**Student:** 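Please find one structure pasted underneath; my questions will follow.
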Amino acid sequence: AQTVTQSQPEMSVQEAETVTLSCTYDTSESDYYLFWYKQPPSRQMILVIRQEAYKQQNATENRFSVNFQKAAKSFSLKISDSQLGDAAMYFCAYSPDNNNDMRFGAGTRLTVKP
Amino acid sequence: DGGITQSPKYLFRKEGQNVTLSCEQNLNHDAMYWYRQDPGQGLRLIYYSQIVNDFQKGDIAEGYSVSREKKESFPLTVTSAQKNPTAFYLCASNSLGAGRVNTEAFFGQGTRLTVV
């Protein structure tokens, strides 16, 4: 089975600063999809950003952007101008192209300091 | 409004009893998933289904069973064979979009199961 690794159990950032969350994955597939999800204390999972592996351009959604390195199998999330509402658990997820076997990493707990 | 609904939000089970968690979606999604979330371990895949009357085991299927008799419904039964069932359970769904682009997964609000 494909694996997703998030090596940072916890991260902290000062409000208005930038933070990068790391994610690596293991796959033999060439076509797949990568996602970052946010889970606030309510435990509702919210999609932050997605990346298709066939696209070389890194995805961007407002203050959120990714650094997708396909050869290195790396998919990091950068949060710019961090806000107090960004505090949450962040999960990296992988989904292969030809089926719906979606796998998640262990998560990174992000704290935002005022 | 379209969405995915899990019920109940909290569930208590006595040891040795089976219990079924409900998951319903009206998003017309093909695929549905069950995940278990424990502290420090993220989301672990229990079962998933890509089509009615078909499902596959995930990484931690032992002690669980599922059915997919309708596209909208994917109930999870936690059996007495599951040795440590106390956890937070999340149901999700997604679909293959146009051009076989996997869509994002939509999640229910979860069920907290406690064995007493």
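Given the structure is predicted, the values throughout are model-derived calculations rather than measurements. The chains referred to below are lettered A, B, ... by the order of the sequence lines, with proteins before strands, and numbering in each begins at 1.
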**Student:** Minimum heavy-atom separation for B:Phe88 to A:Gln39, with atom names?
**Tutor:** CE2-NE2, 4.3 Å
**Student:** Is there a path of hydrophobic side-chain contacts, each under 4.5 Å between heavy atoms of I/L/V/M/F/W/Y residues, joining B:Tyr48 to B:Leu27?
**Tutor:** no
**Student:** Are B:Arg44 and A:Phe104 in a cation-pi contact, defined as NZ or CZ under 6.0 Å from the six-membered ring centre and within 45° of the axis?
**Tutor:**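 No, a cation-pi geometry is absent between B:Arg44 and A:Phe104.
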**Student:** Would you mind reporting whether A:Met45 and B:Tyr35 have side-chain heavy atoms less than 4.5 Å apart?
**Tutor:**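 No, too far: nothing below the 4.5 Å cut-off.
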**Student:** How long is the straight-line distance from CZ of A:Arg43 back to OG1 of B:Thr111, given to the nearest 0.5 Å?
**Tutor:** 11.0 Å
**Student:** Does a sphere of radius 6.0 Å around CD in B:Gln56 hold more than 12 heavy atoms from other residues, nucleotides or ligands, not counting ones at 6.0 Å or beyond?
**Tutor:** yes
**Student:** Just checking B:Asn84: does its CG atom have more than 12 heavy atoms from other residues, nucleotides or ligands closer to it than 6.0 angstrom?
**Tutor:** yes
**Student:** Is there a path of hydrophobic side-chain contacts, each under 4.5 Å between heavy atoms, that joins B:Phe74 and B:Val52?
**Tutor:** no
**Student:** Between B:Leu45 and chain A, which part of the residue has a heavy atom less than 4.5 Å away: side chain, backbone, both or neither?
**Tutor:**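 Just the side chain, heavy atoms under 4.5 Å.
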**Student:** Identify the heavy atoms of B:Gln37 and A:Phe91 that sit nearest to each other, and give their distance.
**Tutor:** NE2-CZ, 3.4 Å
**Student:** Quick one: are B:Leu90 and A:Gln44 in side-chain contact, heavy atoms under 4.5 Å?
**Tutor:**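 Heavy-atom side-chain distance check fails, nothing below 4.5 Å.
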**Student:** Could you tell me which portion of A:Tyr32 (side chain, backbone, both or neither) has an atom closer than 4.5 angstrom to a non-hydrogen atom of chain B?
**Tutor:** neither
**Student:** Does NZ in A:Lys78 sit with more than 12 non-hydrogen atoms of other residues, nucleotides or ligands closer than 6.0 Å?
**Tutor:**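 No - once you tally the heavy atoms of other residues, nucleotides and ligands closer than 6.0 Å, there are 12 at most.
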**Student:** Does atom CD1 of B:Ile51 have more than 12 heavy-atom neighbours, drawn from other residues, nucleotides or ligands, at distances under 6.0 Å?
**Tutor:** no
**Student:** Check each atom of A:Gln6 against the heavy atoms of chain B and say whether the ones under 4.5 Å are side chain, backbone, both or neither.
**Tutor:** neither
**Student:** Do B:Asp59 and A:Arg103 touch side chain to side chain, with heavy atoms closer than 4.5 Å?
**Tutor:**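 Sidechains of A:Arg103 and B:Asp59: in contact.
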**Student:** Should we count CD of B:Gln109 as having more than 12 external heavy atoms under 6.0 Å?
**Tutor:** no
**Student:** Side-chain heavy atoms nearer than 4.5 Å, only ILVMFWY residues, links allowed to pass through others: does that put B:Tyr10 and B:Ile4 together?
**Tutor:** no
**Student:** If I take atom CG from residue A:Leu47 and atom CG from residue B:Asn94, how far apart are they, to the nearest 0.5 angstrom?
**Tutor:** 11.0 Å
